[in-house]
Amino acid sequence: MPELPEVETIRNTLKRFVLNRTIKNVQVYWGKIIKNPDDVEEFKQLLMGQTIHDIKRKGKFLLFELDDITLISHLRMEGKYSVHYKDEPVKKHTHVIFEFTTDDELRYNDVRKFGTMHIVKKGEEYTQKPLIQLGPDPFDKEFTLDYFYKKLKSTNRSIKAVLLDQTVVAGLGNIYVDETLFKSSVHPLKKANKLTKKEVGEIRKQAILTLEEAVKQGGTTIRSYVNSQGEMGMFQQELSVYGQENKECPNCGKPITKMKVGGRGTHVCLNCQKL
DNA sequence: CACTATGTTGGTTG
DNA sequence: TCAACCAACATAGT
């Protein structure tokens, strides 16, 4: 499901409900979501008594900052967080519940069970899995044009594959890569090391602009994404190519083509994005 | 009913 | 080094 704008929206909506809440107990109904520690009982023990002081985000990861540990959560395709009173019925596909000392609790719901949770010691977030290899967030200072250009120069993979590579830049997924490449007038199969510095600058700029606008709109709801208050995003109304197969290109009016690139559905205007 | 696709990513293979 | 394929899993669409 979510890419950077959706995760950021979840972070913002969730913060209103869980900051300063203390975890009294944890229920885990699908243990495979817990990756570290590998023992689910240990996972629960580490969390009990901890207070949520802040929620941060890097790329598509949420970081729940607790007293002396950080819970790092990835939603993969369908993960969702929401806060409920304890007497509200638990929905199907709810796999982890963080009970607070108050009368409410944080629930993690994930239809496809692909999501992951890691606990790491405070201060060691970036020196081990799952964040150790993660590239800069597009909104971070380190995501400079120099950095990005050097990275692209060093590989002859397709630009789409590189933009999806979270070790290069963290947060873009299938929707926003297609949108970014369209707005930059770059074909997704173009080799990264064949791009001019000007083109790389345009891709970087359009990526940041697109993500910023999508955050403003509360993300993109194609199928199932909703924020932590159950609200849909609005950015789907702004999509130029993603999901627009056979519709008119907003630039030139020619039909949008859907193709496969690196196994992913890929949307392009072949008139505006030449190889 | 069979088959495909889905907002992700990690592992294997050639 | 990289593309291709598969795996994890459930559901919706054709």
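The chains referred to below are lettered A, B, ... by the order of the sequence lines, with proteins before strands, and numbering in each begins at 1.
Residue A/T155 is classed as a sugar-phosphate contact, given heavy-atom separations below 4.0 Å to backbone atoms only. A/G263 comes within contact range of no nucleotide atom at all, as no heavy-atom separation falls under 4.0 Å. Contact annotation for A/G115: no contact, since no heavy-atom pair falls under 4.0 Å across all strands.
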Please step through side-chain hydrogen bond (donor to acceptor under 3.5 Å, both in side chains) for the pair A/T144 and A/D146, ending with a clear verdict.
CA-CA 5 Å; A/T144 62; A/D146 272 354; 5.7 Å; no

Residues A/E3, A/Y225; criterion side-chain hydrogen bond (donor to acceptor under 3.5 Å, both in side chains); working and verdict:
CA-CA 10 Å; A/E3 305 177 35; A/Y225 161 74; over 6 Å; no

What's the verdict on side chain to side chain contact (heavy atoms under 4.5 Å, CB included) for A/V96 and A/L106, showing C-alpha distance, side-chain angles and the deciding distance?
CA-CA 8 Å; A/V96 184; A/L106 174 64; over 6 Å; no

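Not one N or O on the side chain of A/D140 forms a donor-acceptor pair closer than 3.5 Å with the backbone of A/E142. Listed for the A/T167 side chain is no donor-acceptor partner under 3.5 Å among the backbone atoms of A/D165. Using a distance-only test at 3.5 Å, with no hydrogens or angles considered, a donor-acceptor pair links the side chain of A/Q236 to the main chain of A/T221. Using modelled atom types, one side-chain atom of A/E179 and one backbone atom of A/Y242 make a donor-acceptor pair closer than 3.5 Å.
DNA chain C lies under 4.0 Å from no heavy atom of any residue of residues 233-251 of chain A. Non-hydrogen atoms lying under 4.0 Å from DNA chain C are contributed by nothing in residues 181-197 of chain A.
The environment of A/M234 atom CE is sparse: at most 12 non-hydrogen atoms of other residues, nucleotides or ligands sit within 6.0 angstrom. By the neighbour-count criterion of 12 heavy atoms within 6.0 Å, atom NZ of A/K15 is densely surrounded, having more than that number from other residues, nucleotides or ligands.
Between the P atoms of B/dG11 and C/dC9, the separation comes to 16 Å (whole Å). For C/dT1 and B/dT8, the P atoms lie 25 Å apart once the distance is rounded to whole Å. Taking atom P on both nucleotides, C/dA8 is separated from B/dC1 by 23 Å, rounded to a whole Å.
Between A/K32 and C/dA8 there is no side-chain polar atom (N or O) within less than 4.0 angstrom of OP1 or OP2. Considering only side-chain N and O atoms, A/R264 lies under 4.0 angstrom from the phosphate OP1 or OP2 of B/dT8. Contact annotation: A/K35 side-chain N/O to B/dT9 OP1/OP2 distance is not under 4.0 Å. Checking the phosphate oxygens (OP1, OP2) of C/dT11, no side-chain nitrogen or oxygen of A/S224 falls inside 4.0 Å.
What separates CG of A/L164 from P of C/dA3 is a distance of 12 Å, to the nearest Å. Straight-line distance from the CD atom of A/E3 to the P atom of B/dT9: 9 Å, rounded to whole Å. Between the P atom of C/dA10 and the NZ atom of A/K91 lies a distance of 18 Å, rounded to the nearest Å. Nucleotide B/dT9 holds its P atom 10 Å from the CE atom of A/M77, rounded to whole Å. Atom CZ of A/R112 and atom C1' of C/dC6 are 14 Å apart (whole Å). Distance, A/L62 CG to B/dT8 P: 15 Å, rounded to whole Å. If you measure from atom CZ of A/F114 to atom C1' of C/dC9, you get 4 Å, rounded to the nearest angstrom. If you take CG of A/L152 and C1' of C/dC2, they are 16 Å apart, rounded to a whole angstrom.
Checking C/dT11, C/dA3, B/dT8 against every side-chain atom of A/K92, the shortest atom distance belongs to C/dT11. Minimum atom distance to the side chain of A/K258 is reached by B/dT6, of the listed B/dT8, B/dT6, C/dA10. The side chain of A/R157 lies closest to C/dC2, out of B/dT9, C/dA8, C/dC2. Closest to the side chain of A/Q166, from the set B/dT8, B/dT9, C/dC9, is B/dT9. Of all nucleotides listed (C/dC2, B/dT8, C/dA10), C/dC2 comes nearest to the side chain of A/N156. For A/H93, taking side-chain heavy atoms from C-beta onward, the closest of the listed nucleotides C/dT11, B/dT6, C/dC2 is C/dT11. For A/K260, taking side-chain heavy atoms from C-beta onward, the closest of the listed nucleotides B/dT6, C/dA10, B/dT8 is B/dT6.
Between A/F98 and A/Y81, the ring-plane angle classifies as tilted under the 30° and 60° cut-offs.
The residue from A/L71, A/L131, A/V120 that alone fulfils the side chain to side chain contact (heavy atoms under 4.5 Å, CB included) condition with A/L63 is A/L131.
Remark: the A/K183 side chain and the A/N251 side chain contain no N/O donor-acceptor pair separated by less than 3.5 Å. Donor-acceptor pairing under 3.5 Å is recorded for the side chains of A/H267 and A/D178.
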Pairing pattern in dot-bracket form [Watson-Crick, G-U; both distances under 3.5 Å; | = partner strand] for DNA chain C
.|||||||.|||||

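A/P5 places none of its side-chain heavy atoms less than 4.5 Å from the side chain of A/Q217.
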